[in-house]
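First up is the structure itself, then whatever we jot down about it.
The figures here come from the full heavy-atom set of this structure, side chains too, leaving out hydrogens, waters and symmetry mates. Numbers restart at 1 for each chain; the letters A, B, ... are given by sequence-line order, proteins then strands.
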Amino acid sequence: MVSGSDSHGTPILFKAEKLGISPEELAKKSHKEISQTFKKLSLIYENYSTTTTKNHEEIVHNVFLVLKERGYLYTQKSKQYFDEKVGRFLPDRYVRGICPECGATNARGDECPECGKFLKPEDLIDPYSTLSDTKPVFKETEHFYLDLKKLEPQLKKWIDKSSDNWRKWVREFSKGWIREGLEPREVTRDMNFGISVPVEGWEGKVLYVWIEAVIGYLSASIEWAQKIGKPQEWEEFWKDPKCKHFYFIAGGNTSFHTIIWPAELLAYSEKYTDDSLWNKYKLPGESKREPLTLPYDVPSNKMLLFKGKKMSKGDGTSLDADSLLEKYSEDLIRFFFVRYAPENHDREFEWKDFLDCNNNELVANLGNFINRTLTFVQSKFGGTVPEGEIEKEVQEQIETSFKEIGKHIERCEFVKASEALLKFGDFSNKYFNDKAPWVSYKENIKECSNTIYNSIQLVNALRTLIKPFIPNASNKLRDMLNIKNEYDPNEELTTKGVVSQLENSWYLEEIPSLTKLGDIKILFEKIDREEERP
RNA sequence: CGCGGGGUAGAGCAGUGGCAGCUCGUCAGGCUCAUAACCUGAAGGUCGUUGGUUCGAAUCCAACCCCCGCAACCA
């Protein structure tokens with residue numbers, strides 16, 4: 001699993017200008033911050049890279065040139081507004097003027113905020129640049145365009161064939177794009193921040209971030225292979241048709257992963273059927289002459305709304321992981337955003353849900369069962385797992401849950417997976433209640449032992465079942481159950497950057513009788529509702 | 001205008017042709033091992049509107065209404 005910070009966005013550029021530092025510096029700083037946040041959330045990657053590396057630039061150039069040679073890139077001249085004082089071409093929204101429709105004086109080059117009419121910058125009356133307040137001039141510029149139209153038939157064929165397992169909205173949204181017909185897209189910009197254009201005479205322009213950032217998935221994989229000292233290893237992931245690629249992204253980026261990136265991959269893969277290109281444009285460590293793998297699934301989420309609106313940093317309606325981490329546990333944050341993820345439609349974020357998730361689901365359901373079982377062993381059996389035999393009902397529940405939750409995770413149905421997890425908690429609490437070991441303890445110690453033995457097995461199953469969601473809690477539980485020398489893929493990933501035995505981690509071994517437990521601690525802390533946020 | 005998603009109990013959501021479900025909240029009861037946690041039961045819905053197809057529709061079809069997103073030189 002690889003990812004990285006997309007560093008060449010316009011927001012970085014403008015924010016850097018505001019702070020008076022170079023965009024490169026700011027990109028570096030935010031990448032560091034994001035990496036730390038991920039670490040705090042136990043989001044572990046084989047490689048979490050950035051798009052400012054030399055490696056990335058080299059690979060982007062390679063891809064660009066292959067696309068160019070295959071005829072998917074062409075140049076075209078156009079006239080755009082240019083701010084002579086600042087010496088820069090102006091994005092549409094940096095040109096303002098009077099709306100030709102309604103006469104509003106604050107119309108932007110892309111849209112009039114008063115009447116909602118979509119505009120072109122040249123429609124504006126008395127245009128001015130928001131960068132210098134001077135009147136911009138029309139100036140000719142030249143750009144490269146990606147000929148998406150030419151790729152449309154292949155793309156359509158691919159989507160029709162491979163989107164059946166996608167989330168409905170992702171599939172329909174992507175098919176809608178194709179149905180409407182794809183237009184060529186500008187891939188270069190008049191800017192000095194970004195990946196250079198690898199063509200003579202194009203100094204001073206850079207590649208547009210949208211075409212270049214997605215290539216980061218490939219360059220991060222290649223970088224990873226080099227880091228672990230096996231420069232060819234990335235091909236195992238990119239050229240084996242059995243290897244399925246999942247792209248976990250925010251909804252707004254869907255088209256870049258279901259249309260643009262596949263288009264780039266399809267076009268690039270023509271390299272493998274062209275002798276001269278194959279010899280000329282090898283990727284680092286490349287030896288297999290086979291096409292690159294296209295996405296298997298793009299499970300993107302819809303929007304999490306805050307007071308009915310899209311979250312936005314500008315107006316204080318954003319929730320970011322860092323401020324949540326100051327107050328709440330990693331486990332709660334991870335579990336909440338899976339449990340209440342807007343997988344199929346927008347969803348309103350409510351603090352009440354956040355607290356309910358903690359107090360009712362993590363604490364009262366899962367945590368309580370774990371705690372009542374472990375403290376029972378502690379107080380009645382001196383911290384040693386009593387003797388017993390696994391009951392059929394318990395065994396079946398455990399097997400069913402492993403199967404069901406595993407199935408949901410494979411299908412990227414994470415909300416359903418979390419629901420199944422809570423059902424397992426319900427079963428366990430009910431089992432404990434029905435068996436009433438606090439009664440049998442006085443009347444029939446053998447039956448009591450058996451109940452507790454079975455409860456311990458349920459706790460242990462829970463330990464593994466929660467691991468994908470809340471690995472931190474799972475590890476704490478492992479220590480409480482005093483399990484030693486167990487293979488932990490996350491640990492191997494953190495220390496070596498690889499996972500060697502993935503297929504063995506979704507299984508269960510019984511905790512034998514007479515096992516001595518470790519220290520019992522509260523796994524999830526209850527949150528006082530009075531401290532609710534505004 | 002166009003494209004896509006959604007409109008189901010007080011709240012949040014599942015449910016794509018066969019007696020309307022889940023979680024929380026509310027009310028009543030049980031238990032006391034457990035973080036006042038756990039278990040049982042009850043109340044609560046004309047499934048956005050109108051029409052159609054069908055023995056049967058939340059589910060299929062048509063039209064309409066409302067909310068959201070996309071539609072950008074924002075990635």
Side-chain angles (χ1 to χ4, degrees), chain A residues 6 8-12 14 78 80-81 89-95 108-111 118-121 143 167-180 185-186 188-191 208-214 249-256 260 302-303 305 308-310 339-340 342-350 352-353 355-357 359-365 367-380 413 415-416 418-419 422-423 425-426 428-441 448 451-452 455 520-527:
Chain A
D6 152 31
H8 296 131
T10 326
I12 293 258
F14 289 116
S78 64
Q80 289 183 5
Y81 272 124
F89 280 95
L90 295 166
D92 287 0
R93 52 166 45 198
Y94 288 86
V95 184
R108 293 193 314 245
D110 56 344
E111 183 181 6
F118 296 115
L119 304 170
K120 285 182 182 167
H143 284 294
R167 288 181 184 164
K168 189 184 163 197
W169 82 267
V170 173
R171 182 175 59 240
E172 295 306 321
F173 171 82
S174 305
K175 284 186 171 176
W177 258 61
I178 305 263
R179 256 200 311 275
E180 283 190 65
R185 266 181 100 99
E186 206 174 284
T188 50
R189 297 189 92 175
D190 288 292
M191 258 172 68
Y208 210 137
V209 62
W210 64 262
I211 190 179
E212 156 266 299
V214 283
I249 56 165
N253 281 320
T254 306
S255 54
F256 291 94
I260 307 277
K302 302 275 300 189
M303 213 63 80
L305 305 171
K309 296 220 162 152
K310 194 171 146 178
R339 179 90 184 84
Y340 291 83
E343 286 179 349
N344 300 307
H345 46 83
D346 295 340
R347 186 179 176 124
E348 180 72 19
F349 171 83
E350 306 268 8
K352 184 185 169 299
D353 289 338
L355 296 173
D356 280 351
C357 178
N359 292 351
N360 295 338
E361 299 182 341
L362 287 180
V363 173
N365 182 333
N368 179 54
F369 173 67
I370 290 164
N371 193 47
R372 70 202 294 205
T373 299
L374 297 184
T375 51
F376 200 97
V377 174
Q378 199 80 303
S379 61
K380 303 287 197 290
E413 298 164 345
V415 171
K416 285 192 172 145
S418 67
E419 280 168 0
L422 293 170
K423 263 191 210 142
D426 282 339
S428 304
N429 273 313
K430 186 163 157 45
Y431 171 82
F432 202 95
N433 245 64
D434 291 349
K435 295 284 176 178
W438 59 92
V439 175
S440 60
Y441 180 70
C448 176
T451 301
I452 295 304
S455 299
I520 309 304
K521 287 178 208 131
I522 294 284
L523 197 54
F524 306 110
E525 293 286 345
K526 197 159 176 163
I527 299 170

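In this entry the distance linking CZ of A:Arg179 with P of B:C3 reads 9 Å, nearest Å. Remark: C1' of B:C24 and CG of A:Asn359 are 12 Å apart, rounded to the nearest angstrom. The interatomic distance linking A:Phe173 (CZ) with B:G6 (P) rounds to 14 Å, in whole Å. Look at OH on A:Tyr81: it is 16 Å from P on B:C73, rounded to the nearest Å. As rounded to whole Å, 11 Å separates atom P of B:A72 from atom CZ of A:Phe256. Between the CD1 atom of A:Ile527 and the C1' atom of B:C24 there is a distance of 16 Å, given to the nearest Å. The nearest whole Å value for the distance from the CG atom in A:Leu422 to the P atom in B:C39 is 12 Å. Atom P of nucleotide B:A11 and atom CG of A:Asn360 are separated by 18 Å, given to the nearest angstrom.
Using N1 to N3 plus N6-O4 or O6-N4 for Watson-Crick, or N1-O2 and O6-N3 for G-U wobble, each under 3.5 Å, B:C60 pairs with B:G52. Nucleotide B:C31: unpaired (no Watson-Crick or G-U wobble partner with both distances less than 3.5 Å). The partner of B:C70 is B:G2, by the rule that a Watson-Crick or G-U pair needs both atom distances under 3.5 Å. B:U16 makes up no base pair with any nucleotide shown, lacking Watson-Crick or G-U wobble contacts both under 3.5 Å. Across every strand in view, B:G25 sits unpaired, with no contact that passes the Watson-Crick or G-U test at under 3.5 angstrom.
Within the model, atoms OG of A:Ser418 and OH of A:Tyr340 stand 8.5 Å from one another, a figure rounded to the nearest 0.5 Å. With rounding to the nearest 0.5 angstrom, the CG atom of A:Asn344 is 9.0 Å from the CD atom of A:Glu413. The distance from the CH2 atom of A:Trp210 to the CG atom of A:Asn253 is 13.5 Å, given to the nearest 0.5 Å. Separation of atoms CD1 (A:Ile520) and OG (A:Ser379) is listed at 10.5 Å; rounding is to 0.5 Å. With rounding to the nearest 0.5 Å, the separation of CD in A:Glu212 from OG1 in A:Thr188 is 13.0 Å.
Summary of the strand contacts: A:Asp6 and A:Arg339 both lie near RNA chain B, and taking for each the nucleotide with the nearest heavy atom, the more 5' one is attributed to A:Arg339. Between A:Arg185 and A:Asp434, the residue anchored closer to the 5' end of RNA chain B is A:Asp434, taking for each the nucleotide with the nearest heavy atom.
When the P atom is used for both B:C47 and B:G10, the distance is 13 Å, rounded to whole Å. Using C1' as the reference atom, B:G41 and B:C3 are 49 Å apart when rounded to the nearest Å. Comparing the P positions of B:U23 and B:C39 gives a spacing of 10 Å, expressed to the nearest Å. When the P atom is used for both B:A43 and B:U53, the distance is 36 Å, rounded to whole Å. Distance check on atom C1': B:U40 versus B:U46 gives 31 Å, rounded to whole Å. Distance noted for atom C1' between B:G51 and B:A57: 14 Å (whole Å). Comparing the C1' positions of B:G4 and B:G18 gives a spacing of 31 Å, expressed to the nearest Å. Going from the P atom of B:C66 to that of B:G48 covers 16 Å, rounded to whole Å.
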Review item, nucleotides 29-35 of chain B N/O atoms under 3.5 Å of protein N/O:
from, atom 1, to, atom 2, distance (Å)
B:C33, O2, A:Arg372, NE, 3.1
B:C33, N3, A:Arg372, NE, 3.4
B:C33, N3, A:Arg372, NH2, 2.5
B:C33, N4, A:Arg372, NH2, 3.1
B:A34, O3', A:Asn371, ND2, 3.1
B:A34, O2', A:Asn368, OD1, 3.0
B:A34, O2', A:Asn371, ND2, 3.2
B:A34, N1, A:Arg372, NH2, 3.3
B:A34, N3, A:Asn368, OD1, 3.4
B:A34, N3, A:Asn368, ND2, 3.4
B:A34, N3, A:Arg372, NE, 3.2
B:U35, N3, A:Phe524, O, 2.7
B:U35, O4, A:Phe524, N, 3.3
B:U35, O4, A:Phe524, O, 2.9

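At the heavy-atom level, A:Tyr441 lies nowhere under 4.0 Å from the strands shown. Within 4.0 Å of A:Trp210, counting heavy atoms only, lies no atom of the nucleic acid at all. A:Glu419 comes within 4.0 angstrom of nothing in the nucleic acid, heavy atoms only.
Using a 4.0 Å cut-off between charged nitrogen and carboxylate oxygen, A:Lys352 and A:Asp356 count as a salt-bridge pair.
At distances below 3.5 Å, at least one donor-acceptor pair connects side-chain atoms of A:Asn359 with backbone N or O atoms of A:Ile527.
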| request: Tell me, with the steps shown, if A:Arg372 and A:Asn429 meet side-chain contact (heavy atoms from CB on, under 4.5 Å). | output: CA-CA 9 Å; A:Arg372 70 202 294 205; A:Asn429 273 313; 2.9 Å; yes
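Regarding contacts with the backbone of B:U8, every side-chain N or O of A:His345 stays at 4.0 angstrom or more from both OP1 and OP2. Not one side-chain nitrogen or oxygen of A:Lys416 sits closer than 4.0 Å to the OP1 or OP2 atom of B:U23.
Ring geometry, A:Phe432 versus A:Phe376: the interplanar angle exceeds 60°, so the pair is classed perpendicular (tilted spans 30 to 60°).
For A:Glu361, whose side chain is taken as the heavy atoms from C-beta onward, the closest listed nucleotide among B:C38, B:U40, B:U23 is B:U23.
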